[in-house]
2 protein chains.
Amino acid sequence: MTAHRDRLDAVSVSSENAAAESVTNTVHAERTIPEATVARLALYLRALTGLAEHGTATVSSESLATAAGVNSAKLRKDLSYLGSYGVRGVGYDVALLTEQMRSTLGLNENRAVALIGLGHLGKALAGYTGFATRGFRISALIDTDPELVGTTLREIAVQHVDLLEQIVRSENIAIAVIAVPSSVAQEVCDRLVAAGVTSILNFAPTVLAVPDHVDVRKVDLAAELQILSFHDNRKSARSDAQAGPLSAALGTRPGGGTGLASSTMGATGLGSKAMSDTAIGSTA
Amino acid sequence: MTAHRDRLDAVSVSSENAAAESVTNTVHAERTIPEATVARLALYLRALTGLAEHGTATVSSESLATAAGVNSAKLRKDLSYLGSYGVRGVGYDVALLTEQMRSTLGLNENRAVALIGLGHLGKALAGYTGFATRGFRISALIDTDPELVGTTLREIAVQHVDLLEQIVRSENIAIAVIAVPSSVAQEVCDRLVAAGVTSILNFAPTVLAVPDHVDVRKVDLAAELQILSFHDNRKSARSDAQAGPLSAALGTRPGGGTGLASSTMGATGLGSKAMSDTAIGSTA
DNA sequence: GTATGTGAAATGTTTCACAGCC
DNA sequence: GGCTGTGAAACATTTCACATAC
């Protein structure tokens, strides 16, 4: 209805020469997939998993797009980079597409991931059941806290950071998640890189310096909130100031736009499902 | 050195008519700031805060850019959207620029934020000291767990979700953070929206359906890992397959690229600083 | 008839390079 | 001489619209 803003953003800055070149490896000759598309593949994959659970065998670009929260043109263009796995006049085979996507993302190798830092955030990540089903295996939990070292979380032993290099090498870990305070993030990062890690997901609010061949993605909570704040600011500025002239919609709006059940559950719903644990957890 | 990829991405999909139009409000007539730029302002702000702590009064686009992890041309263009707050031949005044930026992001109003879901992730977020100093005040913690309701976290009482609407209205909350399991995320979202929340940061791996006037940003941990996985996959594919022909760099690379101290601390460093808590926490 | 796959247009973002000011 | 501010070029992403295939 109204003007749109399909967001991109803040969460990450990487440096690498990986994505650009045309590599043409693996059996079904791979095209060069745009970054923006790669970032959305994960969304599609989740949507597909959901469909598979519902027993759907075939899906149109239109429905899959809706499920993933994008428009169908974008979805089709994105999928076209993986190759032609749809059938005109019919749609996409859920299983086939899922497989194709997992293979493109390299999720069929059950990649070993190390998680460093087991504060609340680290624990939340460690408890994330989604990893296993999504092609990752947390094969190392690392911290300094003597209270934690030696205990196990989800059947994985927490080891001392002194053993970091050793663990990374013996487990052949290429991907690591940094969930330590920013004061030690660079230090941990350096050691990971020296030990051979080539991809890092960083939750500390620091700009990590890494050599060229290492990929860093960053998740910055405060930044996310600030971006929201900016938009919110704009909104209130608008309704405050020109609360009359032209398109004075907003407050007066009939009921929304993306036409949806604004609140269909019984007022104080939320039966008994616990809200507390693993926000990240759950299905797909 | 090598080809670059300055990442954008996955973390969010919003729908709103806010950013597009030229609003021209507040005193110093505001231009229309591109989304990509908004997403980076938070980074700059953090870098500025760091500089201020070090007592730096003036900074060049070059150094600020380095501190924020972007290149100087981009930084200058970004700053130019806020107006001209630099001095040619000199640089930017740290205090002035900080102030300008905070005002642009709407951080001078100490926005009330509600946090719903106090599992590990929620606790990590609640414990994030950065919020207060960055213009946000967590003014409500909400969960269903009877063990939690009634207790306090960082001096804020945990309240039952039954009171959600009431709290949102009385505290005048416009921004909410959803850290509940995805099974109840949409439900919580609907109630927040009905109560008047207009901006949501969602940690549940679900596509939230919201009316047009509501902004949703999403942080998707599994997606982030999958994006890393994709790049990692490409890397190993390359070194495996064509480990000889043309540009067979990678493994043989002299030492990196972004020339930096690869590992300057004493081998098993990390003195005594606890790594465990609040990965997100700390300065700036 | 229906829905994919994709060139070509429109839009958005980054980088270049230099005029303008200190 | 040094550094900002910004048009204009290069590049990337999204959207359109339709030929193509079932």
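Just so it is clear: chains get the letters A, B, ... in the order the sequence lines come, proteins before strands, and each one is counted from 1. On a predicted model such as this, the values are computed, not experimentally measured, just so you know.
- C/dG12 atom C1' lies 16 Å from atom CD1 of B/Ile33, rounded to whole Å.
- Closest contact between the side chain of B/Ala36 and the listed nucleotides D/dG5, C/dT13, C/dT15 involves C/dT13.
- No donor-acceptor distance shorter than 3.5 angstrom exists from the side chain of B/Thr56 to the backbone of B/Ala52, with no hydrogens or angles considered.
- Side-chain N/O atoms of B/Asn71 include none lying less than 4.0 angstrom from OP1 or OP2 on C/dT14.
- Atom C1' of nucleotide D/dA21 and atom OH of A/Tyr85 are separated by 18 Å, given to the nearest angstrom.
- As rounded to whole Å, 14 Å separates atom C1' of D/dT15 from atom CG of A/Leu75.
- The side chain of A/Val87 approaches D/dC22 more closely than any other nucleotide in the set C/dC16, D/dT15, D/dC22.
- Spacing between atom NZ of B/Lys74 and atom C1' of D/dC11 amounts to 12 Å, rounded to whole angstrom units.
- For B/Arg76 and C/dC16, the shortest distance from a side-chain N or O to OP1 or OP2 is not below 4.0 Å.
- Note: CG (A/Asp78) to P (D/dT14) measures 7 Å, nearest angstrom.
- In this structure, B/Arg40 reaches the C/dT14 phosphate: one of its side-chain N or O atoms is under 4.0 Å from OP1 or OP2.
- In this structure, B/Leu97 atom CG and D/dT4 atom C1' are separated by 12 Å, rounded to whole Å.
- Using modelled atom types, one finds no donor on one side chain facing an acceptor on the other under 3.5 Å when comparing B/Asp93 with B/Thr58.
- The side chain of A/Tyr92 has C/dT4 as its nearest neighbour among C/dT4, D/dC3, D/dT13.
- Side-chain contact check for B/Asp215 and B/Thr198: no donor-acceptor pair (N or O, by modelled atom type) lies under 3.5 Å.
- Annotation: of the two residues near DNA chain D, B/Lys77 and A/Ala73, the 5′-most nearest-nucleotide partner is B/Lys77.
- Remark: P of C/dT13 and CG of B/Leu41 are 13 Å apart, rounded to the nearest angstrom.
- Listed nucleotides: D/dT20, D/dT6, D/dT14. Nearest to the side chain of A/Arg88: D/dT20.
- Rounded to whole Å, atom C1' of C/dT4 lies 13 Å from atom CG of A/Leu64.
- Here the side chain of B/Ser63 pairs no donor or acceptor atom with the backbone of B/Val59 at under 3.5 angstrom.
- Shown here for A/Gln186 and A/Val207, the closest heavy-atom pair between the two residues is OE1-O, 4.0 Å.
- For A/Asp78, the side-chain hydrogen bond (donor to acceptor under 3.5 Å, both in side chains) partners are A/Thr37, A/Arg40, A/Tyr44, not counting sequence neighbours.
- For the contact set between residues 55-62 of chain B and DNA chain C, defined by any heavy atom under 4.0 Å, there are no members.
- Residue B/Tyr81 has no polar side-chain atom (N or O) positioned under 4.0 Å from OP1 or OP2 of C/dG12.
- A/Thr206 pairs by the side-chain hydrogen bond (donor to acceptor under 3.5 Å, both in side chains) definition with nothing, not counting sequence neighbours.
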